[in-house]
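Beneath this line is the structure, given in C-alpha cells, with notes to follow.
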Amino acid sequence: MNRKRTIFRNATASALQVVVNAAVLFVLYPFLIRSVGAEDFGVWALVMAWTSAGSRASMGLSSGALKFTARYL
C-alpha cells in the first residue's frame with residue numbers, strides 16, 4: 001500500500017511541475033519578447049533548447065557519482 005501511495009505522490013508532483021512550468025513560461029515568453037526582441041529571443045530559445053538537451057543527456061550521473069563518492073570516502 002505504501003508503494004502505491006509513493007507512486008501516486010510522485011505522479012501528482014510531476015503533473016504539478018508540468019502545470020507550473022507551463023504557467024511560468026506563458027507569462028515569461030511575452031515578457032522576454034518585449035524585453036530582448038524577437039530575434040534575440042530566438043537565440044535565447046535555441047541556447048535554452050541545447051542546454052536542456054544536454055542536461056537530459058547527463059541523466060543525473062554527476063549527482064549520482066557525487067553521492068556514491070561521498071559515501072565511499
Side-chain angles (χ1 to χ4, degrees):
M1 190 62 89
N2 191 14
R3 183 168 169 82
K4 287 184 180 182
R5 179 189 283 171
T6 302
I7 291 172
F8 178 74
R9 186 176 41 194
N10 288 346
T12 303
S14 180
L16 183 63
Q17 181 182 6
V18 169
V19 169
V20 169
N21 192 19
V24 167
L25 290 178
F26 187 73
V27 172
L28 183 63
Y29 273 29
F31 172 75
L32 281 171
I33 291 173
R34 282 193 308 269
S35 297
V36 299
E39 187 173 311
D40 289 337
F41 176 74
V43 172
W44 179 83
L46 184 65
V47 169
M48 289 298 291
W50 275 101
T51 57
S52 177
S55 66
R56 285 194 179 102
S58 74
M59 293 184 287
L61 295 176
S62 60
S63 61
L66 180 65
K67 174 185 172 186
F68 290 114
T69 303
R71 184 181 294 171
Y72 176 75
L73 294 176

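Note that these values count all heavy atoms, side chains included, but never hydrogens, waters or copies made by symmetry.
The side-chain contact (heavy atoms from CB on, under 4.5 Å) test with Thr6 is passed by exactly one of Arg3, Arg9, Lys4: Arg9.
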Would you tabulate the side-chain donor-acceptor contacts of residues 21-45 under 3.5 Å, counting partners in other chains and residues two or more places apart, or write 'none'?
{"unit_1": "Ser35", "atom_1": "OG", "unit_2": "Phe31", "atom_2": "O", "d": "2.8"}

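For the atom pair CG (Leu16) and OG1 (Thr12), the distance works out to 8.5 Å, reported to the nearest 0.5 Å.
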